[in-house]
Structure formats: structure tokens, C-alpha cells
Amino acid sequence: MKKLRFIFCDQLSDSISSLKNINKDDTIFLCEAMDEVTYVKHHPKKIAFIFASMRHFAEELESKGFNIRYVKLTDPFNTGTLESEITRAVQELKIDHIIITEPSEYRLKILLESLQKSLGIAIDILKDERFFCSPTEFKFWANGKKQFRMEYFYREMRKKYKILMESDGSPVGGQWNYDKENRKSPTKNLKSPKRISHKKSDILIDVLKLVEENFSDHFGNLQPFHFAVTRKQALIELDDFVNRILPYFGDYQDAMMKGETYLYHSLLSSYINIGLLLPMEVCKLAEEAFKKNKAPLSATEGFIRQVLGWREYIRGIYWLKMPDYGELNYFEANTPLPDFYWGAKTKMTCISEAVSHTKEHAYSHHIQRLMVTGNFALISGLNVKQVQEWYLAVYSDAFEWVEMPNTLGMALFGDGGIVGSKPYAASANYINKMSNFCDTCHYDPKEMTSENACPFNALYWDFITRNRNKLEVNQRLPFVYSTWDKFSSEKQKAIKNKAAISLLRMKNGEL
Ligand code: FAD
Ligand code: SF4
């Protein structure tokens with residue numbers, strides 16, 4: 001029986017289930033499909049990172065003696081879609097059995113269903129065992145719950161995997177959560193520690209050329225390129241993060257600084273998402289650092305919470321709620337995405353910083369995604385589909401299963417409260433407290449309605465009041481409406497007017 005083992009671009013782990021019990025006669029198949037990199041115009045760095053990692057992964061497997069079929073983007077016979085390329089491989093190699101690990105995205109699940117019908121051969125779809133929690137297990141956890149809360153899910157995962165747990169079943173240190181000790185405002189001269197840059201392999205050099213020739217019209221800078229593109233390199237980054245940076249992760253988790261993209265974040269999401277690193281090994285190494293007194297409990301717990309808690313919870317929600325989830329738009333937010341998300345000039349320092357970090361590095365850290373670009377999109381009522389498309393295109397770690405619940409659910413509250421219990425809407429106060437952006441901004445964070453008042457302030461109240469019928473019942477927003485109601489009617493009118501002017505200026509490219 002001739003078997004084809006197909007590997008999606010985010011399944012680059014040699015422990016992936018589709019490679020188990022492999023026979024040396026089987027063919028392992030990877031493909032660079034044009035359709036996959038253009039259905040949204042992905043950041044050039046993201047395309048280069050993924051293609052170079054795929055090519056290295058294939059080369060490593062080949063050096064171990066496996067048969068590899070690798071179709072490059074520019075191969076003359078490449079038909080450009082995964083569906084047509086799998087079909088072509090099946091016909092050319094006379095395959096009668098496909099083995100595949102379940103895809104991470106809903107659209108690829110549909111693709112496999114279509115292939116199953118058209119090819120008429122056996123396709124074994126195996127579980128993706130790299131995650132801590134399967135979609136079925138998450139469904140079981142979610143069953144009967146009126147509201148989901150990440151915190152309780154996370155505790156279950158801690159107990160199940162005995163991570164940061166005492167032998168009597170209590171959390172190490174007596175608390176589940178050290179958020180109060182983490183998330184400090186930045187100190188005046190806070191700087192990012194120097195990050196690793198890897199020597200470029202011939203494979204990477206070829207891929208960078210390919211991307212430059214084919215995708216220079218996509219948003220984002222290809223160079224300089226610092227990503228790890230092999231498991232070996234990704235392990236070096238993991239080790240460096242755990243030993244050098246993790247101790248400060250918690251303290252500066254929410255801090256933002258002008259010109260400082262990375263601060264004390266791990267930069268590991270892209271590696272975990274495409275399979276160069278496994279979430280379990282990442283958590284275990286962090287836990288080990290704590291046990292050896294190399295990192296404090298607050299930072300270690302804060303980090304593990306993100307990987308074991310948030311990442312798994314987000315995936316659980318995605319598979320629980322798709323496909324209807326992608327159509328939700330709780331606030332009916334439909335204002336077109338302004339050009340400054342694509343790099344056009346804006347006088348708002350926080351936005352121009354977050355966008356320029358994104359353009360340069362295909363990265364911005366969680367708080368910039370959530371409280372700057374996400375918050376602005378939420379309070380301005382930007383079109384939820386366009387916002388999601390932006391997040392999916394511009395970040396090197398963006399795959400729909402993780403991007404969508406984070407964007408639509410966490411940042412935009414477009415799911416009406418499935419991911420989070422209240423919208424992360426904030427005025428300039430939050431950004432001013434957690435960053436130095438406002439210090440050099442054209443706008444004044446303390447002003448509400450004057451000519452140079454920060455647009456976030458009036459837009460915040462505009463959001464709160466125009467969605468009153470949907471939000472007033474939310475018990476996590478207790479004082480917001482009573483505060484608004486205490487404003488004089490002149491003040492309320494001036495705020496509404498200022499918000500309208502800001503939206504008009506945004507539309508005209510003048511904000
Ligand atoms: P760190 O801050 O060092 O966190 C450690 C790890 O925890 C990350 O590497 C990641 O694996 C995990 N993690 C942390 N928060 C989350 C979260 N909310 N969801 C899932 N995993 C998490 N993450 C993606 O991987 N892909 C996305 O497409 C993506 N889109 C996002 C869109 C929005 C609007 C928001 C608010 C968040 C998004 N995130 C996404 C989550 C988070 O911002 C990134 O995982 C994180 O910024 C990656 O940088 P890091 O590796 O330095 O993370
Ligand atoms: Fe952003 Fe407003 Fe601060 Fe300027 S003043 S950086 S627009 S929050």
C-alpha cells in the first residue's frame with residue numbers, strides 16, 4: 001500500500017502524529033502553495049519564516065533517509081493550492097492511502113472533507129497530540145457552563161499536568177495567580193535585552209530572495225530577518241529566554257516603550273505555533289527554572305498561564321464555536337479599517353509605534369495588540385472582518401485558530417463575551433500608565449474634548465454609550481454608566497461631538 005504523509009506548514013514537529021509508525025517506503029509531502037500565502041497578504045517575514053522552516057524540516061527528514069516530496073512555490077508544475085497539489089501527488093505517486101494530522105484551522109478541515117470525496121481513497125486524520133487539551137476534552141469541560149472563564153480551565157490544566165503543583169494538589173506557593181505582583185508600569189529607561197540573531201543558512205538565503213521577488217507588495221519589511229528556522233535554533237531561543245529573560249517577564253508583561261518592540265516577552269509563539277517547539281517542553285523548562293531558583297514564581301506562573309492557560313483555552317473556544325464564531329459581530333462594528341493600520345501617517349504615537357513594530361518585525365507584544373491597535377479598533381467600531389484580516393496577515397504567529405478568538409473575542413468583544421467577561425475598552429489613562437508613548441505624542445492624554453485631546457478619551461465614552469443597551473447589564477462594568485450619567489449634558493454633548501470629529505478625521509487620514 002503506497003502511503004502519503006502530508007504535513008501542513010504548522011506541523012513541523014518530528015513527533016507529529018502523522019509521522020508515527022512511518023515506513024521507509026512512505027512519502028512525506030510538504031508544499032508551498034501560493035493560495036496559502038495570498039488568501040490574506042501575509043507579512044513577508046512570516047512567509048519567509050514559514051517556507052524556510054518547512055524546507056529545513058524536509059531536509060532534516062530526508063537526511064534521516066525518508067522519501068520526501070517537496071513542492072516549492074516556483075516549481076513549474078506547482079498548481080498553487082493544497083487541494084490540487086495533494087491530488088497531483090496522489091495521481092503521480094499512485095497513492096492509495098493518505099495519513100495526516102488534523103489541521104489547526106477550520107477551512108483546512110473543510111478542504112480535507114472535500115479531498116476525501118474527490119479522491120476516493122482512505123484518508124486517516126490523526127489527533128494533534130502537541131496540545132495539552134483536545135477539542136473533545138475542551139467540549140467536555142465547557143459542557144453545561146453558562147460562562148467560560150480561562151482561570152478555571154487553566155487550574156484544571158495545572159492539575160492534570162501537575163505543573164507548578166504540590167503533591168497534595170494545591171498550587172505551588174499557595175496561589176493560582178500572581179497577576180497582582182506582575183504587570184508593573186515601565187521604569188523610565190526600560191530597554192529590551194539584546195536578542196539572538198541566527199546565522200543565515202543557504203536555504204534561508206534562497207527563501208529570502210524568493211519572498212523578495214514575489215511578495216514585496218505585501219505590508220511589512222523582510223529585512224532584517226532574525227527568526228529561528230530550525231528546531232535547533234528555536235531551542236537556543238527557548239533556552240536563552242528561560243535563563244536570561246523569564247525572571248523579568250512578569251514585571252514588564254504589560255509595559256510598552258517607544259522603539260522597544262520585545263521588552264521581556266518570549267518571542268516563542270511563532271515557534272510553538274508551527275511546531276518547532278512543543279508547548280509542553282516550553283512549560284517544563286520554565287518550571288524547572290523556577291525549581292532551580294533561576295526565576296521567581298510570579299514570573300514563571302505568569303508565563304505558564306499564557307501557554308498552558310490562554311493558548312489552550314483560545315484553541316478550545318475556536319473548535320467549540322466554529323464555524324458560526326467567525327460570523328459574529330456583537331456590536332455591529334462596520335467602520336472601514338483606516339490606512340494607518342497599514343502604515344499611513346497618524347499623530348497617535350501609540351498606534352504609530354505598534355504599527356511600526358509590526359511592520360518591521362511581524363511582531364508586537366500582547367498589550368500592544370490588545371490595548372493599542374485592538375482597543376482603538378473596538379472603541380472606534382472598526383469592521384470586525386477587516387480587523388481580523390489585518391491581525392491574520394501581519395503577525396508571524398498568526399493562524400486563524402489563535403488569531404480569531406484573540407481578535408474577535410478578546411480584543412473586539414465581537415463574540416459578546418465568550419472569550420472574555422468584559423470588553424477591554426480603555427481611555428488614554430491605561431496607555432499613559434503602562435507606556436511612555438504619551439510623553440511625546442501630539443495629543444494630550446489628560447484632555448477629553450479640546451483640540452489636542454487624545455482621541456481615545458472621547459471614543460471610549462462614545463463606545464460605552466452607543467452600546468449601552470448591550471453593556472449596561474454587564475456586572476463587570478459597575479461604575480461606568482453612573483459616571484457618565486453624572487456628567488453634565490453639555491459635557492456629554494461635547495464628548496460625543498469630539499468622538500464624531502475624531503472618526504471623521506480618521507476617515508480623512510488626519511487623525
Ligand atoms: P509572550 O508574551 O512571551 O507569551 C508567552 C506565550 O504564551 C506566547 O508565546 C504564546 O504562545 C502564549 N500566549 C500568550 N497569550 C496568548 C493568547 N492570548 N493566546 C494564545 N497564546 C497566547 N497569538 C498567536 O500565537 N497568534 C496570533 O495570531 C495572535 N493574535 C492575537 C491577536 C490579538 C488581537 C491579541 C490581543 C492577541 C493575539 N495573540 C496571538 C496572543 C498574544 O498576543 C501572542 O501570543 C503573543 O504576543 C506572542 O508573543 P510572545 O511569544 O513574545 O508571547
Ligand atoms: Fe496614544 Fe493618546 Fe497617548 Fe497619544 S496621548 S500616545 S494617542 S493614548
Side-chain angles (χ1 to χ4, degrees), residues 10 46 104 150 195 237-238 241 245-246 249-250 252-254 256 258 261-274 277 279 282-283 286 299 302-315 317-318 346-354 361-378 387-388 390-412 419-420 424 426-447 452-457 459-460 502 511:
D10 59 354
K46 178 182 187 181
S104 63
M150 196 291 288
R195 296 302 180 127
E237 292 210 21
L238 171 60
F241 168 71
I245 296 166
L246 175 63
F249 173 84
Y252 302 118
Q253 205 176 337
D254 287 7
M256 298 176 280
K258 221 177 153 189
T261 307
Y262 303 134
L263 291 174
Y264 290 85
H265 289 270
S266 70
L267 322 186
L268 296 176
S269 54
S270 306
Y271 308 136
I272 305 175
N273 290 354
I274 71 163
L277 296 176
V282 169
C283 290
F303 176 74
I304 288 176
R305 161 186 299 271
Q306 307 308 314
V307 182
L308 177 66
W310 276 112
R311 187 170 184 273
E312 297 289 325
Y313 176 73
I314 286 289
R315 178 174 182 256
I317 298 278
Y318 178 80
T346 167
K347 289 178 274 188
M348 294 181 285
T349 300
C350 53
I351 296 274
S352 76
E353 277 291 305
H361 302 286
Y363 178 88
S364 73
H365 71 65
H366 186 68
I367 292 303
Q368 295 198 332
R369 296 188 204 193
L370 183 63
M371 299 310 293
V372 178
T373 42
N375 179 23
F376 186 86
L378 169 71
V387 177
Q388 285 179 79
W390 184 80
Y391 278 98
L392 189 58
V394 301
Y395 292 115
S396 60
D397 59 18
F399 291 87
E400 188 186 86
W401 69 267
V402 56
E403 173 276 322
M404 184 186 280
N406 267 303
T407 307
L408 182 68
M410 194 187 296
L412 302 179
V419 166
Y424 282 95
S427 63
N429 197 24
Y430 177 86
I431 296 174
N432 198 17
K433 184 170 152 230
M434 297 311 297
S435 79
N436 66 354
F437 295 155
C438 305
D439 301 354
T440 50
C441 186
H442 168 85
Y443 296 109
D444 186 338
K446 305 263 187 237
E447 290 285 313
N452 69 337
C454 170
F456 279 78
N457 293 336
L459 286 170
Y460 167 79
S502 296
L511 198 61

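Both ligands and their constituent atoms are indexed starting at 1 by order of listing.
- N452 CG to H442 NE2: the interatomic distance, rounded to the nearest 0.5 Å, is 6.5 Å.
- Atom 14 (C) of ligand 1 has its nearest heavy-atom neighbour, among M371, Q306, R305, in Q306.
- Counting protein heavy atoms only, atom 25 (O) of ligand 1 is closest to N273 ND2, 2.8 Å.
- With a 4.5 Å cut-off on side-chain heavy atoms, T373 and Q368 do not count as touching.
- A donor-acceptor contact closer than 3.5 angstrom links the side chains of Y262 and H361.
- Because its NZ or CZ atom is not both nearer than 6.0 Å to the ring centre of F437 and within 45° of the ring axis, K347 does not count as a cation-pi partner of that residue.
- The protein heavy atom nearest to atom 53 (O) of ligand 1 is S266 OG, 3.8 Å.
- Using a 4.5 Å heavy-atom cutoff, the side chains of C454 and E447 are not in contact.
- The contact set between ligand 1 and I314, taken as ligand atoms under 4.0 Å from a residue heavy atom, comprises 19 (N).
- The L370 neighbourhood of ligand 1 comprises atoms 36 (C), with distances under 4.0 Å to a heavy atom of that residue.
- Atom 11 (O) of ligand 1 has its closest protein heavy atom at R311 CD, 3.6 Å.
- Of all the atoms in ligand 1, the ones that sit under 4.0 Å from a non-hydrogen atom of F303 are 5 (C).
- Tally of protein N, O or S atoms closer to atom 2 (Fe) of ligand 2 than 2.8 Å: 1.
- In this structure, F249 has its ring center no closer than 6.0 Å to that of Y264.
- The shortest non-hydrogen separation linking E403 to Q388 is OE2-O, 3.1 Å.
- Selection from H366, Q388, H365 by nearest heavy atom to atom 43 (O) of ligand 1 gives H366.
- Nearest protein heavy-atom contact of atom 18 (N) of ligand 1 is N406 OD1, 2.8 Å.
- The part of M410 lying near ligand 1 is the side chain, judged by heavy-atom distances below 4.0 Å.
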R311 and N273: side-chain hydrogen bond (donor to acceptor under 3.5 Å, both in side chains), yes or no, with the steps?
CA-CA 10 Å; R311 187 170 184 273; N273 290 354; 2.9 Å; yes
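- In terms of protein heavy-atom proximity, atom 16 (C) of ligand 1 is closest to W310 CB, 4.0 Å.
- A salt bridge between D254 and K433 is absent, with no side-chain N of the basic residue lying under 4.0 Å from a carboxylate O of the acidic one.
- Annotation: side chain of Y391 is not in contact with side chain of N406 (no heavy-atom distance under 4.5 Å).
- The structure places SG of C350 at 8.5 Å from CG of N375, a figure rounded to the nearest 0.5 Å.
- From the protein, the heavy atom lying nearest to atom 10 (C) of ligand 1 is S269 CB, 3.9 Å.
- The shortest side-chain heavy-atom distance between Y318 and V419 does not fall under the 4.5 Å cut-off.
- Looking at L277, L308, V402 and measuring to atom 24 (C) of ligand 1, the nearest heavy atom belongs to V402.
- Counting only heavy atoms of the protein, atom 29 (C) of ligand 1 lies nearest to R369 NH1, 3.4 Å.
- Between L459 and F376 there is a side-chain heavy-atom pair separated by less than 4.5 Å.
- In this structure, CE on M434 lies 9.5 Å from CD on Q253, to the nearest 0.5 angstrom.
- With distances taken over non-hydrogen atoms, the option nearest atom 49 (O) of ligand 1 out of Y424, Y363, Y271 is Y363.
- Near V307, meaning under 4.0 Å from any of its heavy atoms, are these atoms of ligand 1: 6 (C), 7 (O).
- Nearest protein heavy-atom contact of atom 26 (N) of ligand 1 is D397 O, 2.9 Å.
- Atom numbering of ligand 1 starts at 1 in the shown order; those under 4.0 Å from a heavy atom of T407 are 32 (C), 34 (C).
- Using a 3.5 Å distance cut-off with no hydrogens or angles, the side chains of Y395 and S270 do not pair a donor with an acceptor.
- At a heavy-atom cutoff of 4.0 Å, ligand 1 is contacted by the side chain of F249 but not by its backbone.
- Heavy-atom contacts of L268 reach the following atoms of ligand 1: 9 (O), 51 (O) (cutoff under 4.0 Å).
- A cation-pi arrangement is not found for R195 relative to F241, the charged atom failing to lie both closer than 6.0 Å to the ring centre and inside a 45° cone about the ring normal.
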